[in-house]
Amino acid sequence: MKLSKISTALLAGGLATQVFAAPPMNKNPLAELPYANKTENGYSLEFNDKNYSTASAELNGKTITYRAFEKIVYVSNPVEAEYQTLNFYVPEDYYQGKEINGYNAKTAPIFLPNAIGGYMPAMAAVASQAGHDGKTNTILQALERGYVVASVGARGRTLKQGDTYTGKAPAVILDLKAAVRYLHANDDKMVGDANKIISNGTSAGGAMSALLGASGDSADYTKLLDEMGAVNASDAIFAVSAYCPITNLEHADAAYEWEFSGLHHYSRMDMSRLNAKTFNDRSMKQATIEGELSADEIRISNDLKDQFPEYLNNLQLKDEKGNALTLDKDGNGSFRAYVEDFLVISANQALSNLNADEKKTFMEKYKGLSYANDTVSAVKLAEFVTNKARMKSPPAFDALDLSSGENDEFGTATIQALHFTPYSLKNSTANGGMADAENIKLLNAMNYTDNSKAAQHWRIRVGSEDYDTSHAISAMLAVKLQMSGKNVDYALPWGVGHAGDYDLDELFNWVDKIAR
């Protein structure tokens, strides 16, 4: 299978600011409503097609009318029912026997967006809420295209009942899988085709979208799903849309320094004040933190950078032509050239949309680009990344003082945060312990790319200006999937930072191509 190299989302002429990926939730309009499937005997996992409301919204000069089946708890033994819910939205036309965009009530794909970011708890997004920056939200735009939408919530790392944490790894992926099982089990009762579920997520949500697609029906999760009362059905999905997936965490520190070790100034969002309430009610802009790496942090950066070539080479990656993708001990080689090639394609697509004056500005602005005949002929990654500050200080994910969100994610019911790499465990400044090896495995899509039930179709987008994790992370995932025979559409859209859902027309065109 050929790996697509077409970059489609363009923000030409300037570097995009870092955008926190999860959509703003504001106050959840469903907060005061009862759970749709709660009974005297618990939660029914049989879909009730009579329990809905009807709503309409204006979009692109059209009135979108849909049925809303909301606050459905998708497990029989919820720990945090407020988060373990899905909202199911169906275009009204399907109940009138009509077609939309070539789909009908039986053939419509099910679009499955999650609102996960930073491994925080995420409520299921609601169709009536505003999207990012006040734009029409993704749910309504999907309904307009004729998709059924199953918006899913999931537990996250900060949830706590008394002294017990209730959302640590692998809770988030278990919840997504349980929601998919609910859809498969009720396929005959629900509009749409549960054999054409397309997951969508950004950042940590992108990682979980990828993991959901890669690990379909894996026995590794069966016992845990049974314990939480998930229905006995498939959790495999048809396709994956993943924006800037923060995955492969146990190797992300080394990958980050392979790409960004030459940058000593950092600028990032202050995530320290986030909790479940502020994440799901994001009316306040988060502060940023800026600084310079210390001498000790530079040493750590170099240590981690040196680890990456061995890991990369052990993957035995090959491109679509069968050429080996490797690195030498200094981090140079065909894999670096592979990533640079995607940046060249992206830059040229951006350049092709500019007039003569804009092209001149573009060529003067970016460091690390070479030109021939008004096109970009090469990108030198080490120079290109100096166009902006790094986002994170080393280690980028497994912080030595256990302060990162990922440390928090790998805690336990009784321990807030743990390390998940041997390097940070050895050098811990907080006397930290090591996360359970199985939990680390269960959260990494790279461990399941050869799974026979993995999704066949993949669309992965990471902005060229996204410094939240190394571009190597998504590139390695894309190559591994391509090597296992999956259809992979991978690109690094020019000028885009850490964000998602910025090219919905192109995303939905891709969905139509694979789902019809």
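Please read these numbers as outputs of a predicted model, since none were measured by experiment.
- Listed by chain and number, the residues in a salt bridge (charged side-chain N to carboxylate O under 4.0 Å, His left out) with K453 are D217 (sequence neighbours excluded).
- Residues I197 and H184 meet the side-chain proximity criterion, which asks for heavy atoms closer than 4.5 Å.
- For the residue pair T138 / D501, a side-chain donor-acceptor distance below 3.5 Å is found, with atom types taken as modelled.
- The CZ atom of F308 sits 6.0 Å away from atom CG of L327, with the distance rounded to the nearest 0.5 Å.
- For D303, the side-chain hydrogen bond (donor to acceptor under 3.5 Å, both in side chains) partners are R299, Y423, not counting sequence neighbours.
- Remark: K168 is positioned above the aromatic ring of Y165, its terminal NZ or CZ atom under 6.0 angstrom from the ring centre and at most 45 degrees off the axis.
- Within a 6.0 Å sphere centred on CD of E438, heavy atoms belonging to other residues, nucleotides or ligands number more than 12.
- In this structure, W494 has its ring center under 6.0 Å from that of Y366.
- For N314, the CG atom counts as densely surrounded, since its 6.0 Å shell holds more than 12 non-hydrogen atoms of other residues, nucleotides or ligands.
- The CG atom of L442 sits 9.0 Å away from the NZ atom of K177 when rounded to the nearest 0.5 Å.
- Between the side chains of N407 and D398, at least one donor-acceptor pair of N or O atoms lies under 3.5 Å.
- A search for side-chain hydrogen bond (donor to acceptor under 3.5 Å, both in side chains) contacts involving K380 returns nothing, not counting sequence neighbours.
- The side-chain contact (heavy atoms from CB on, under 4.5 Å) check on D319 picks up K321, N323, L325, Y338, with sequence neighbours excluded.
- The side-chain contact (heavy atoms from CB on, under 4.5 Å) test applied to E292 returns H264, H265, not counting sequence neighbours.
- Closest approach of S424 to D253, counting heavy atoms only: OG-OD2, 4.3 Å.
- For D306 and K329, the salt-bridge test fails: no basic side-chain N is under 4.0 Å from an acidic carboxylate O.
- Checked against a 6.0 Å centroid threshold, the rings of W258 and F335 count as neighbours.
- Scored by the salt bridge (charged side-chain N to carboxylate O under 4.0 Å, His left out) test, K392 finds D468 as partners (sequence neighbours excluded).
- By the ring pair (Phe, Tyr, Trp, His ring centres under 6.0 Å) test, Y182 pairs with no residue at all, sequence neighbours left out.
- Among pairs with a residue in residues 222-233, none fulfils side chain to side chain donor-acceptor pair (under 3.5 Å), at least two apart in sequence or across chains.
- Taking the six-membered ring where the residue is Trp, the centroids of Y448 and Y221 are separated by under 6.0 Å.
- With sequence neighbours excluded, the residues forming a ring pair (Phe, Tyr, Trp, His ring centres under 6.0 Å) with Y243 are Y502, listed by chain and number.
- In this view, S301 and E257, S261, R390, P394 satisfy the side-chain contact (heavy atoms from CB on, under 4.5 Å) rule, not counting sequence neighbours.
- Taking the salt bridge (charged side-chain N to carboxylate O under 4.0 Å, His left out) definition, one finds that D401 meets it with nothing, sequence neighbours left out.
- A search for salt bridge (charged side-chain N to carboxylate O under 4.0 Å, His left out) contacts involving R336 returns nothing, not counting sequence neighbours.
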